[in-house]
Amino acid sequence: MTDASKPDAKSRYKQTVLLPQTEFPMKADLAQREPQRRKKWDEIKLYDAIRAARKGAKAWVLHDGPPYANGDAHTGHGLNKGLKDLVVKFRTMQGYDCPYVPGWDCHGLPIEHKVLEDLGGTKPPTMTALELRKRCLEYSTGFIAKQREQFKAVGVLGRWDNPYLTTSPTYEANVLGVFSELHKRGYITRAKRPVHWSWGAQSALAEAELEYEDRTDPSVYVRFPLSSCGKDCKFREVVEQLPESDEIWKNGALLIWTTTPWTLPANVAVAAAEKAEYVLVSYARGDKREYIVLAGDLMKRVADKAKLQDVKVLATFAGADLKGVGYSHPFLETACPLVFADYVTLEDGTGLVHTAPGHGKEDFATGKKEKLPVVCPVNEEGKFFTGETLKKELQLPPHFEDSRGWLKMLEGQHVLKANKLIIEKLKAEGWLLHSEDIRHSYPHCWRTHTPVIFRVTEQWFVQIDHVDNDKTLNPAGKSLRARLLETVGQCRWFPGWGANRISSMIENRPDWCISRQRYWGIPIPAYRVKETGEVLCNESTNARVTELVLKHGSDIWYDDVNWPVEKLLPPDIAAKYQGKTVTKMADIFDVWFEAGSSFKAVMGADPELATRRYSEGDFKSHSAMYLEGDDQHRGWFQVSLILSVATTGKSPFRDCLTTAFVVDEKGEKGSKSKGNMWPLDQGCRDLGADLIRYYFATIDTSSPVPVTYKLIQNAGEGYRKIRNTFRALVGNLFDFDPAHHRVLPQNLLPLDRWVLSRAGALVADFTAAMERYEFHVAMRELTQFCNVTLSAQYIDVIKDRLYCEAATSNSRRSAQTACWLLADLMTRLLAPVCVHTADEMYDFKPKAPDSPASVHLRPWPKVSDGVFVRDEALDQSFALAFAAKAEIDRVLDRLRKEGKAGKGYDTIVTLGANAEIAPRLHEFGLPRLTELCNVSGVALEAAGDHSALQGYEPADTLKGLWLKVVPSAETACVRCYRRTGDVGKHKHAARHAELCLRCAEVVGDRA
RNA sequence: GCGCCGGUAGCUCAGUUGGUUAGAGCACACGCCUGAUAAGCGUGAGGUCGGCGGUUCGAGUCCGCCCCGGCGCACCA
C-alpha cells in the first residue's frame, strides 16, 4: 500500500475531515441515568406540563384498574403499568387529553387475612371490628406507598400525588351509590341459595374467586334402601311380578354414587333420568343376596368395580317407570322420594344421583322444582353443627333417637374429616357397595387454596336477568344479560377473541353473589328488625348511609359507640321502629363490587375525570380504555360492565386491551408463592426500566409473556442498535442548526429524499400498529428501519458527504437535514416505549428555538405533515440500485476472501445490463450508483451480449445484469480514500498533490 | 368432553384477497474496515412452513382428519 507510507499526509488532512462528534453516550447506563431523568421530570413538573399543553383537547382516558395494595410490585405489574403508560403517552402525543389517575384496591380478604395472621390467626375476642379495620387500613396504606415508588420507577407518568383509593370516603359512598341505584332498579335480591363457600376464608365466593386445582376425593357407591312405592308406580308392578318380590322389598336399594360423602346427611332425594334405561339387578355379597336398581348402561362397570358375584338382571325398564318410588335414608331413616332431573347422565356413577339441595346448585334447582326440603347441616367453618342444632338443621323429626350414633359421630366434624367417618360407618352397616379414590379438578378458594363447598345461605345477589323497566336506559325492555352482550359488541376488544370470551362468560354466568361475611370492606347497608326478622334496606336507608359514609367513611358502620343504629337510620325510620331492636347486618360487599364501581367512583366522581368521558359518534362510555391481564374478563371487565350497564346503560370503556400472564423460563405462570417473579424495583435497577419496557413492547403479549433477566438482557441488543443508530445520526449534527441550515425539501438530494420517504412508510406502519395496540409489530418496524434502512443502507453511504464535503455545502447540509429529521423521528417514535432514553436522545439533538423541554411534549409524527413524504417512484428506482449493490457486494466479498480486494473504494465496477435495466440504471445515474455502492467507480458497458464478455459474471438474483469487479489502478485520495482518477491531476495539484479535486477544493488553504 | 388461539431458521417473530427462489432481527461462521470503534459493513450456512390427505394450473396461505402447546368453558352427583 503506497498510501500507508504517507502517514504525514494523512494526518495533515485528518483535521479537515468532519468526523462525528457527540456527547450522547454509547453506553446506556440506565440504572444511573433513569433516576436522574425522573428527578428532572419532577423538577420541571412534566406531568402537569403535559396536562396543561393538552388543555381543551379531546379527552382520551385510560382508566387504571386498581392493583391490590398488598405486596411489592412484580413483573406482572411492570407489564401492566408499562403498557398502560405506553398507550397514554402515545395517545397524548397524538394530541388527546389523557390524564392518568392511578388507583389501588385496598379492601378485601387477602389483606384482612394477612392482618389476622399477624394477630395469630383469628381476631382476638377483645379486638373490635373497628380496630381490626384500622390495622387493615394501615397495612394497605403501607403498601400503596411502596408500590407507588415502584411503579414510578418504571417511568410511569401520572397523578401520583392524588391517586384514587377504594378506601376513601368518596369512593365508598359511590359504591353505595351504585348499590342504591341497583336496588332502586330492582336488581338486588336477598335470597337463600347455594353459593360457593370457602370454609378457609369463612365467606361466600364469587365465580371469579375460584381456582380449579386437582385433588383426590373418595368416590362411593351407596345403597339407599327401597321403601314404600306409590300406588301407580310402574316399578312396583315390575317387582310384584317377580318370584323374589318379597326379598326385593326387603333387600332392595337404589344405588347412588357420589364424590362428596359428607353431603349424604343432607340427602333428601335421588334423581333419575326419565329417558334412560334402568335395570333391577340381583347379586350375591357374602352369603347374602341383594338387589339394586341402577342405569343399565352402567351396570357392568359398577359390577366390575364392586366385584359383585352372580349378577343377574331381573328386569329392565325405563327411568320414567321409577316414578313414585320411595326410599329410606340409609342412616337418618327419613322417607325420601325419587325425582327426575335432566342433568342426570350416564357418563359416571349409577344413573341415580344423590340429591342434596343444600349443597349443590343443580340439586337446589331440583329441590325447588320438586318442593324438597333444603338441608344444610354445615356451618361457616365447614363443620357439622352440634347437638340440637344439628338435629334441627337436618330437619329430623323430634322423635329421632340417633340410636345408631350417626349424629354423635358427625357433630362438630369438618366435612373433609367426615368423608372418612361416613364411608367407614356406611361400610360397617353394609350400605357401601364400593369405594375408591378418584383424582379430579375441583374448585378452590383463590386466596386460602382450600377446597370450596356448596352451602345454602342467605346472601345478597345482583340478578343478571332482571329487566329494568326504565325506558330511558332500557328502551327495548331487555334483560340485563342481553344488554351486557349488546354492549360487548359495541366495544373494541384487543385481541379480538376477548369479545367472544367475555360474551360466553356473560351468557353462562349465574346471578352475582355480592355479600361477604368479613370485616375489611364496605358494609352492605341493611338492617334487621330482631323481633320480626324483617330486613330493612330501601331508598331512604341507602341514601342515609351513603350520605354519612361520604362524610365520615365506612367505619361508622362498625363504630357502635359514636354511631349507634338510631343515628345510622333515617330519622323517620328510626322513629317508626322505636321500641324494637334494629341491628346492623354484618355483610360487606364483594371486593369486585367495589372495583366494578370505579366507572362511577372514579370516572364519574373525580373532578378531573368526570368531564373527560369518552364519546365517538353515537357511542358513549365512561372511559376510552381498560387495559389489564386477560384474567380480568371474568374479573374487573365483567363486573364493571354489569354495574355500569345496569346503572347507566353505558359501557365503562370503548377499547379493552388484554395481556396474557407473565411466565418464567419454564413457561410456568408467575406467582409470588413460587418465587419466580422478581421484584420490579430490583429489575429496574439491574436491567433498567427502559430495557424492561422495551422488552415488553417488543414481544407479542397476547400469549404468555416469558420474563427473565436473560431474555430482557438479550433484548438489549435491539435496544443498543437503536441507540447507536441514533448516535450516528446525531453525531453528524454537531455543526447543524436546523433554524439556519435546514435544506428545503425540494433541494434535498435524491438519497436523502428517499430515506425520508422510507421514514414516511415507517411512520404509517408504526402508527397503524400502535392504533391496533400491536406494539411488537410497531417495534419490529422500527428495528428493521434502524438496522436496514438507516444503518446499512443510508448512513453507510452518506458518510463521504458528511465527512468530506465542505461543511456548508448543500450536499452535506442535505444529508444533515435528513439525519436531523430522522433523529427527531426516532425520539418521537421511541418516546412511548423507552421513556427515559427517548428523552435523553431528545436532549442531545439540535432543536429549534421554540422546542419543548421534553420529548413527551412533542406531537406524534404524521405522514401528512410534509416532512416524511412518500415517493413511490423514488422507492422503486432505489430498490433497483440497492439490488445492484447487493450483487456487487456478493462479488466483492468473494474477491476479498480470495485476497483480491479490500475495501470497496479500492475497486471499480463495470456493469452490463439488458435493454430493460440499462436505461433505468442510466436514469438513476452512475455517480450516484458509485456513491451508493461505496466503490470508486461504476461504469455501464454499452455492448449487447454481455454474457459473452470476458470477465463478467451474471447477477445472482437480478436478471439481465452482468458485472465485473476489478481493483482500481488509480491512486487513492489520502483524505477521502476514493480512487477517483483525478488525484493530483487538478489545478490545486501543487498544493494538494495527494488529494482528489473535490477534496482539494474543500480543503483549500486550510491545510 | 366442548370451544378458542397458536405450531414458519437455534431464539423472537413477519408473511397482505392462494401466485417468482418463504423473509427480518438476534445468535452462529467467515471476511472487511479501523473516520459510528466496548461501534460499523459485507457474505454465508441454517426451514420437508407440526403431520397426513384433499381442492387448485399453483397451498405457509383454503378444506378435512390427526399430533403437540396454551387458554377458556364444563367437569355436576
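Every chain is numbered from 1 and lettered A, B, ... according to where its sequence line falls, protein lines coming before strand lines.
One interatomic measurement links the two molecules: CG of A/Asp906 to P of B/rC33, which rounds to 8 Å at whole-angstrom precision. Counting to the nearest Å, the C1' atom of B/rG35 and the CD1 atom of A/Ile795 are 14 Å from each other. In this structure, CG of A/Asn732 is placed 11 Å from P of B/rU37, rounded to the nearest angstrom. When rounded to the nearest whole Å, the span between CG of A/Leu18 and C1' of B/rA36 equals 15 Å. One interatomic measurement links the two molecules: CG of A/Asp342 to P of B/rA77, which rounds to 16 Å at whole-angstrom precision. Atom C1' of nucleotide B/rC33 and atom CG of A/Asp800 are separated by 15 Å, given to the nearest angstrom. When rounded to the nearest whole Å, the span between CG of A/Leu294 and C1' of B/rA77 equals 15 Å. In this structure, the CG atom of A/Leu255 is 13 Å from the C1' atom of B/rA77, given to the nearest Å.
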(request) If a protein heavy atom is under 4.0 Å from the base, mark B; if only from the sugar-phosphate, S; if neither, -; do that for nucleotides 38-47 of chain B going 5' to 3'. (result) SSSSBBS---
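Contact annotation for A/Arg509: no contact, since no heavy-atom pair falls under 4.0 Å across all strands. Across all strands shown, A/Thr259 has heavy atoms under 4.0 Å from sugar-phosphate atoms exclusively, and none from any base.
Using P as the reference atom, B/rA24 and B/rC32 are 24 Å apart when rounded to the nearest Å. Remark: the separation of the C1' atoms in B/rA59 and B/rU20 is 15 Å, to the nearest Å. Comparing the same atom, C1', in B/rA36 and in B/rA45 gives a spacing of 28 Å after rounding to whole Å. The gap from the C1' atom of B/rU48 to that of B/rG44 amounts to 22 Å, rounded to the nearest Å. As rounded to the nearest Å, B/rG42 and B/rG51 have P atoms that lie 33 Å from one another. The gap from the P atom of B/rG40 to that of B/rG72 amounts to 42 Å, rounded to the nearest Å. The gap from the P atom of B/rC33 to that of B/rC41 amounts to 16 Å, rounded to the nearest Å. The C1' atoms of B/rA14 and B/rA9 are separated by 13 Å, rounded to the nearest whole Å.
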Would you tabulate the nitrogen or oxygen pairs shorter than 3.5 Å linking the protein to nucleotides 5-11 of chain B?
none

Report all interatomic pairs (protein N or O, nucleotide N or O of nucleotides 73-75 of chain B) with separations under 3.5 Å.
{"unit_1": "B/rC75", "atom_1": "N3", "unit_2": "A/Ser441", "atom_2": "OG", "d": "2.6"}
{"unit_1": "B/rC75", "atom_1": "N4", "unit_2": "A/Ser441", "atom_2": "OG", "d": "2.1"}

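A/Tyr803 has a side-chain polar atom (N or O) that falls below the 4.0 Å cut-off from OP1 or OP2 of B/rA36. Look at A/His776 and you'll find a side-chain N or O under 4.0 angstrom from OP1 or OP2 of B/rA14.
Side chains of A/Gln713 and A/Thr708: a donor-acceptor N/O pair is absent below 3.5 angstrom, by distance only. There is a side-chain donor-acceptor pair under 3.5 Å between A/Gln638 and A/Arg509. Inspection of the A/Tyr719 and A/Thr837 side chains reveals an N or O donor paired with an N or O acceptor under 3.5 Å.
The aromatic rings of A/His434 and A/Tyr221 sit tilted, their planes meeting at an angle between 30° and 60°. Ring pair A/Phe224/A/His354 is perpendicular by interplanar angle, where above 60° counts as perpendicular and below 30° as parallel. In this structure, A/His196 and A/Phe454 have tilted ring planes: the angle between them lies in the 30° to 60° band. Between A/Trp493 and A/Phe637, the ring planes are perpendicular. Angles over 60° get that label, and only those under 30° would be called parallel.
Considering CG of A/Leu729 and CD1 of A/Ile798, their distance stands at 7.0 Å, rounded to 0.5 Å.
Nearer to the 5' terminus of RNA chain B, by closest-nucleotide assignment, is the contact made by A/Val777 (compared with the other of A/Val777 and A/Leu790). RNA chain B is contacted by both A/Thr263 and A/Cys804; A/Cys804 maps to the nucleotide lying nearer its 5′ end (nearest heavy atom per residue).
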(request) Applying salt bridge (charged side-chain N to carboxylate O under 4.0 Å, His left out), run through A/Asp796 and A/Lys799 and close with a yes or a no. (result) CA-CA 6 Å; A/Asp796 216 41; A/Lys799 284 175 183 172; 3.0 Å; yes
(message) As a quick check of understanding, evaluate side chain to side chain contact (heavy atoms under 4.5 Å, CB included) for A/Ser968 and A/Asp906, giving each step before the final call.
(response) CA-CA 6 Å; A/Ser968 169; A/Asp906 295 335; 5.9 Å; no
(message) In dot-bracket form, 5' to 3', how is RNA chain B paired? Count Watson-Crick and G-U wobble pairs only if both distances fall under 3.5 Å, and write | where the partner sits on another strand.
(response) (((((((..((((.....[...)))).(((((.......))))).....(((((..]....))))))))))))....
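Remark: A/Arg812 engages A/Asp735 in a salt bridge, criterion side-chain N to carboxylate O under 4.0 Å. Salt bridge A/Arg975/A/Glu994: absent, no basic N to carboxylate O contact under 4.0 Å.
Ring-to-base geometry does not place A/Phe726 in a stacked arrangement with B/rA36 (centre distance under 5.5 Å, plane angle under 30° required).
Nearest heavy atoms, A/Arg223 versus A/Ala253: CB-CB, 3.6 Å.
Looking only at side-chain heavy atoms (C-beta outward), A/Phe882 and A/Val788 stay at 4.5 Å or farther from each other.
Residues that satisfy the ring pair (Phe, Tyr, Trp, His ring centres under 6.0 Å) test with A/Tyr977, not counting sequence neighbours, are absent from this structure.
For residues 705-723 of chain A, the set of pairs meeting the salt bridge (charged side-chain N to carboxylate O under 4.0 Å, His left out) definition, not counting sequence neighbours, comprises A/Glu717-A/Arg720, A/Arg723-A/Glu840.
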